[in-house]
Student: 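There's a structure below that I have some questions on.
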2 protein chains.
Amino acid sequence: MVGVTVRIGELAAEAGVSVRALRYYEEQGLITAGRSDSGQRHYRSPAIERVKLIQMLYEAGLSSKTIVELLPCVEAQVNTPESRARLAAERARIDEQIAGLTRTRDRLDAVIELSENPASGCVKI
Amino acid sequence: MVGVTVRIGELAAEAGVSVRALRYYEEQGLITAGRSDSGQRHYRSPAIERVKLIQMLYEAGLSSKTIVELLPCVEAQVNTPESRARLAAERARIDEQIAGLTRTRDRLDAVIELSENPASGCVKI
DNA sequence: CTTGCCTCTGACGTCAACGTCAGGTTCTAG
DNA sequence: CTAGAACCTGACGTTGACGTCAGAGGCAAG
């Protein structure tokens, strides 16, 4: 049994990314693909989860390079002192990012509050 | 009284950005500067707060174009239905961004938990 | 007056994550 | 069998927020 495989177009559609993006991910070492005799890529089902995870990390502001270093920890359960430190560092970075965004949001909230309810005087910015 | 003004290098140092960045901000219409007879930029003290605000919004993922549209609302208290909608939209975007980051962080937390305490079996990713 | 740092205006360079196009092969529906 | 969709490998284009360099002028100290 060879297992169910899909071609790049189908995976792209299912994962919600472009075909070009998948080829780029492969180029960066983020995903791998089997090849048919004629050279066409074919993916097994876990690929879609992996692609979605990659997207998640991209959206959190991680670079390809960082993701490449983290993926073995996340997927293959690599567990060394270095990998744990790497994970903790990125977790901390994301936490800081959330904190900054929260401050920015609160700042906007204050402005919105004022524009909807211009009661008190002007705020010094 | 002409007021205390600083040159671009000093403002850059105080605001924690590069001189090039300040010139870029001006080019984008985010800040304005007075000029000396010889053409050198000079800034008044509120400039530093404005620059810090701009940095805050950049870090929240807003583009120059968006910031240009929002700044009048935040600083000059512009208050039209459009400006309120603009503020609300960006606020919502930031909220979504926070939510996504939180999910990513929780995902990393689960991985970290497992790597520090490899008790239960493997997680399917 | 001159030395050395600061500033000016262009204008080209950078980097990441793809988009897009060219030119050719392969697969599939009819 | 054939048309058209999907795939392949290069390789160049794009965008935003600056970095960097060149060449020229400005300003305070000694």
Side-chain angles (χ1 to χ4, degrees), chain A residues 2 4-44 47 50-71 90 93 97 100 104, chain B residues 2 4-44 47 50-71 90 93 97 100 104:
Chain A
V2 67
V4 178
T5 67
V6 298
R7 291 192 297 170
I8 197 169
E10 192 174 340
L11 177 61
E14 282 174 2
V17 302
S18 70
V19 167
R20 178 66 175 94
L22 292 180
R23 290 202 267 252
Y24 177 73
Y25 296 166
E26 183 174 337
E27 194 181 313
Q28 299 299 305
L30 298 176
I31 54 178
T32 56
R35 296 295 184 126
S36 73
D37 290 351
S38 62
Q40 298 204 347
R41 277 167 262 252
H42 48 81
Y43 301 90
R44 267 167 275 102
R50 190 174 174 108
V51 170
K52 284 183 176 173
L53 173 59
I54 290 170
Q55 276 291 113
M56 191 174 190
L57 296 174
Y58 270 133
E59 282 167 15
L62 307 206
S63 67
S64 296
K65 188 168 159 296
T66 304
I67 298 178
V68 149
E69 292 167 9
L70 284 186
L71 275 182
E90 287 307 322
R93 219 189 42 73
Q97 206 172 332
T104 305
Chain B
V2 66
V4 178
T5 66
V6 298
R7 291 193 299 172
I8 197 169
E10 191 174 340
L11 177 60
E14 282 173 3
V17 302
S18 71
V19 167
R20 178 65 175 94
L22 292 181
R23 291 202 265 252
Y24 177 74
Y25 296 166
E26 184 174 337
E27 193 180 313
Q28 300 299 305
L30 298 175
I31 54 178
T32 56
R35 295 295 184 127
S36 73
D37 289 351
S38 62
Q40 299 204 345
R41 277 167 263 253
H42 51 263
Y43 301 89
R44 267 168 275 101
R50 188 173 176 109
V51 170
K52 284 184 177 173
L53 174 59
I54 290 169
Q55 276 292 112
M56 191 174 191
L57 296 175
Y58 270 132
E59 281 166 17
L62 308 206
S63 67
S64 296
K65 189 169 158 297
T66 304
I67 297 177
V68 150
E69 292 167 9
L70 285 186
L71 275 182
E90 288 307 323
R93 218 189 42 74
Q97 206 172 332
T104 304

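Hydrogens, waters and symmetry mates play no part in the numbers below; they use all other heavy atoms, side chains included. Numbers restart at 1 for each chain; the letters A, B, ... are given by sequence-line order, proteins then strands.
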Student: Using OP1 and OP2 only, check whether a side-chain N or O of B:S64 sits under 4.0 Å from D:dA17.
Tutor: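 It does, given that an N or O in the side chain of B:S64 lies less than 4.0 Å from OP1 or OP2 of D:dA17.
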
Student: A side-chain contact here means heavy atoms from C-beta on lying under 4.5 Å apart; do A:S18 and A:Y24 qualify?
Tutor: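 A side-chain contact is absent here, since even the closest heavy-atom pair is not under 4.5 Å.
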
Student: Calculate the interatomic distance between A:Y43 atom OH and D:dC7 atom P; express it in whole Å.
Tutor: 10 Å

Student: With nearest nucleotide decided by heavy atoms, which residue, B:L22 or A:V19, maps closer to the 5′ end of DNA chain D?
Tutor: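 Nearest-nucleotide comparison on DNA chain D picks A:V19.
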
Student: Is any side-chain nitrogen or oxygen of B:R41 closer than 4.0 Å to OP1 or OP2 of C:dT7?
Tutor: no

Student: Should B:R23 and B:E26 count as side-chain neighbours, where that means a heavy-atom distance under 4.5 Å?
Tutor: no

Student: Kindly say if A:S38 contacts the phosphate of C:dC27, meaning a side-chain N or O under 4.0 Å from OP1 or OP2.
Tutor: yes

Student: Whether A:R23 contacts C:dT20 is assessed here as follows: a side-chain N or O lying under 4.0 Å from the phosphate OP1 or OP2. Is that the case?
Tutor: no

Student: Using a heavy-atom cut-off of under 4.0 Å over every strand shown, decide if B:S63 touches base, sugar-phosphate, or nothing.
Tutor: sugar-phosphate

Student: Please state how far atom CD1 in A:I54 lies from atom C1' in C:dC18, giving the value in whole angstrom units.
Tutor: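 Rounded to the whole Å, the gap is 14 Å.
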
Student: Under 4.0 Å: is that the gap between some side-chain N or O of B:Y25 and OP1 or OP2 of D:dC18?
Tutor: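 True: B:Y25 side-chain N/O within range (under 4.0 Å) of D:dC18 OP1/OP2.
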
Student: For a quick test of reading the model: is some side-chain N or O of A:Y24 closer than 4.0 Å to OP1 or OP2 of C:dA17?
Tutor: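 Checking A:Y24 against C:dA17: at least one side-chain N or O falls below 4.0 Å of OP1 or OP2.
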
Student: For A:Q28 and C:dA16, what is the distance between atoms CD and P respectively, to the nearest whole Å?
Tutor: 8 Å

Student: Indicate whether OP1 or OP2 belonging to D:dG26 is found under 4.0 Å from a side-chain N or O atom of B:S36.
Tutor: no

Student: For B:E10 and A:R7, find the nucleotide of DNA chain C closest to each by heavy atoms; which residue's nucleotide sits nearer the 5' end?
Tutor: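 Nearest nucleotide further toward 5': that of B:E10.
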
Student: Whole angstrom is fine here: how far is it from CD in A:E27 over to P in D:dC8?
Tutor: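 Answer to the nearest Å: 13 Å.
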
Student: Atom CD of A:E26 to atom P of D:dC8: distance rounded to whole Å?
Tutor: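 From A:E26 CD to D:dC8 P: 9 Å.
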
Student: Let me know the distance between CD of B:Q40 and P of C:dC5, rounded to the nearest Å.
Tutor: 16 Å

Student: Please report the closest heavy-atom contact between B:G9 and B:V19, naming both atoms and the distance.
Tutor: CA-CG2, 4.0 Å

Student: Rounded to whole angstrom units, what separation is found between the CZ atom of B:R35 and the P atom of D:dG25?
Tutor: 17 Å

Student: In whole Å, I'd like the distance from the CG atom of B:L57 to the P atom of D:dA17.
Tutor: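 After rounding, the gap between these two atoms is 12 Å.
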
Student: Is it the case that the base of C:dT20 and the side chain of A:R20 share a donor-acceptor contact (distance under 3.5 Å, atom types as modelled)?
Tutor: yes

Student: For residues B:R41 and B:A33, report the shortest heavy-atom separation together with the two atoms involved.
Tutor: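 Heavy atoms only, the tightest pair is CG-CB, 3.7 Å.
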
Student: Considering heavy-atom distances to DNA chain C, does B:G9 or A:L62 have its closest nucleotide positioned more toward the 5' end?
Tutor: B:G9

Student: Report yes or no: does B:H42 contribute a side-chain atom to a donor-acceptor pair with the main-chain N or O of B:R7 at less than 3.5 Å?
Tutor: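 No; judged by distance alone, with no hydrogens or angles, the pair does not exist.
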
